[in-house]
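What follows is a set of notes on a single structure, which appears directly below.
Atoms within a ligand are numbered from 1 in the order they appear, just like the ligands themselves.
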Amino acid sequence: MSDLNPREPGVMFWAERDTLDSIAALGVRCGQLGFGPAYPLTAETATRWRADLDRLGFTLVTLFAAYAGESYSSIPAVAQTVGFVPPETRIERIGRTLALSDFAARLGVPSIACHSGCVPEEHRDPRYAATLEAVREVADRCARHGQTFALETGQEPAAALLEFLDQAARPNLGVNFDPANMILYGAGQPLAALRLLTPRLLSVHLKDGLWPPSAPPGALGSEVALGEGAVNIPVFAATLAHIGFTGPLNVERETDDESVRRRDIARGIALLRGLTMPRAPEPLA
Ligand code: MG
């Protein structure tokens with residue numbers, strides 16, 4: 001990743017939905033790659049991805065895990081089904097994440113990430129300690145591979161996540177900061193959250209969104225194209241520069257409509273290029 005520029009635009013993309021050629025065709029040379037639960041994390045698929053990365057001169061900074069049985073339909077559904085919080089799927093999901101760490105090691109990718117689940121508000125909730133243990137186990141496997149482990153932000157207030165990270169007490173554990181999630185889940189102002197989580201910042205998503213509606217209760221806000229939501233992307237990007245963050249700005253767009261997704265990712269990249277690469281002045285006549 002040494003040849004990347006600070007805060008170079010990248011893309012968050014998925015092994016089941018995208019080819020590396022289609023992402024590189026957007027004009028980026030870095031990003032984060034997610035794997036759904038059924039994707040085979042084998043030596044063969046690792047060899048294939050590695051060959052594509054080398055052929056295209058593409059750098060992956062993070063591999064993401066997503067799990068079977070997760071629902072993002074409402075805030076309560078997320079709290080019940082996502083990450084390491086639900087006990088009935090915890091062991092299987094820990095296993096999948098350990099496998100992703102091993103897979104990232106084969107690919108030479110320095111970080112893995114996931115939604116670890118909404119940190120339970122009540123620390124005496126047995127799911128709190130169990131989620132903490134799950135995160136430690138994954139972080140320790142990552143440490144053996146020289147990797148960091150990033151938890152996706154936004155499903156709880158930043159202060160609760162920070163306390164959880166402190167209690168986990170693993171030096172290679174941090175966050176993948178997603179400013180839109182803070183808004184979609186009504187979890188707090190993203191810029192204040194970013195400042196609080198700066199010491200733990202490993203990677204970022206550039207995603208935008210609108211605050212949840214007042215009804216029905218528990219409804220999520222709506223994700224929108226970059227620059228069209230409540231994040232204030234120019235200020236967010238400037239703040240990342242100000243705090244000294246140098247990793248890629250990974251554009252993320254989560255919609256099932258493939259044409260909207262590709263259009264908005266392309267526009268998001270253009271928006272970021274406009275922010276970070278000012279146009280040369282017009283030549284004098
Ligand atoms: Mg995200």
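In plain terms, the two heavy atoms of E252 and E223 that are nearest each other are O-OE2, 3.8 Å. Closest approach of L151 and S116 over heavy atoms only: CD1-OG, 3.6 Å.
Between H115 and the choices Y185, Y72, F84, Y67, the ring-ring contact (aromatic ring centres under 6.0 Å, His included) rule is met once, by Y72. Considering I94, T97, L132 in turn, I94 is the only one that fulfils the side chain to side chain contact (heavy atoms under 4.5 Å, CB included) rule with E137.
Between F35 and F103, the ring centre distance stays below 6.0 Å.
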- [ ] Give the intermediate values and the outcome of side-chain contact (heavy atoms from CB on, under 4.5 Å) for residues K207 and L184.
- [x] CA-CA 11 Å; K207 194 173 83 184; L184 299 176; 4.2 Å; yes

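Around the Mg ion (ligand 1), the protein contributes the following N, O or S atoms under 2.8 Å, ordered by chain and number: E152 OE2, D178 OD2, H205 ND1, E252 OE1.
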